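Values in this document were obtained by computation on a predicted structure and should not be read as measured data.
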Amino acid sequence: MAASTGGNPALLIKKLAGVLLLILGLLLTATGVSLSYDGLTAIGAFLLVVGLVLLTLKIVRRNQPLN
């Protein structure tokens, strides 16, 4: 199994964006729950879901079989 060093920079940006959205979503959700702000909790949960989707798409794309 050979590692590719010539990766697409857009994929790295998606991975970093996914991780940052997860962290930001987690912080906003925790803050919203602790302060009883429903809107902040909803925004945080939305960011968590978007971050998870970006990372899942990255993993699925990476694990596609080579033809």
Side-chain angles (χ1 to χ4, degrees):
M1 187 160 62
S4 174
T5 58
N8 190 355
L11 295 177
L12 178 62
I13 292 171
K14 284 183 183 179
K15 184 190 286 185
L16 289 175
V19 170
L20 290 175
L21 284 174
L22 281 176
I23 292 169
L24 184 61
L26 182 64
L27 290 173
L28 287 177
T29 303
T31 303
V33 168
S34 68
L35 298 177
S36 299
Y37 290 145
D38 294 333
L40 195 59
T41 304
I43 292 170
F46 177 73
L47 291 178
L48 277 170
V49 170
V50 171
L52 284 173
V53 167
L54 283 176
L55 289 177
T56 303
L57 289 174
K58 168 75 173 129
I59 291 169
V60 167
R61 182 177 172 135
R62 184 183 67 192
N63 289 331
Q64 288 180 348
L66 298 174
N67 290 333

Trainee: Quick one: which of V50, V49, I43 gives a side-chain contact (heavy atoms from CB on, under 4.5 Å) with F46?
Mentor: V50
Trainee: How long is the gap from NZ on K58 to NZ on K15, to the nearest 0.5 Å?
Mentor: 5.0 Å
Trainee: Could you tell me whether the side chain of T56 reaches within less than 4.5 Å of the side chain of V60, counting heavy atoms only?
Mentor: yes
Trainee: Between L52 and V19, is there a shared hydrophobic cluster once you connect ILVMFWY residues whose side-chain heavy atoms come closer than 4.5 Å?
Mentor: yes
Trainee: Just wondering, more than 12 heavy atoms not from N63 lying within 6.0 Å of its CG?
Mentor: yes
Trainee: In this structure, which one of T41, L47, V33, I23 forms a side-chain contact (heavy atoms from CB on, under 4.5 Å) with L28?
Mentor: L47
Trainee: Can you confirm whether L35 sits close enough to L40 that some side-chain heavy atom of one is under 4.5 Å from a side-chain heavy atom of the other?
Mentor: no
Trainee: Please tell me whether L26 and L54 are part of a single hydrophobic cluster in this structure, the criterion being side-chain heavy atoms less than 4.5 Å apart.
Mentor: no
Trainee: If you look at every heavy atom in L48 and G25, which pair is closest and at what distance?
Mentor: CG-C, 3.7 Å
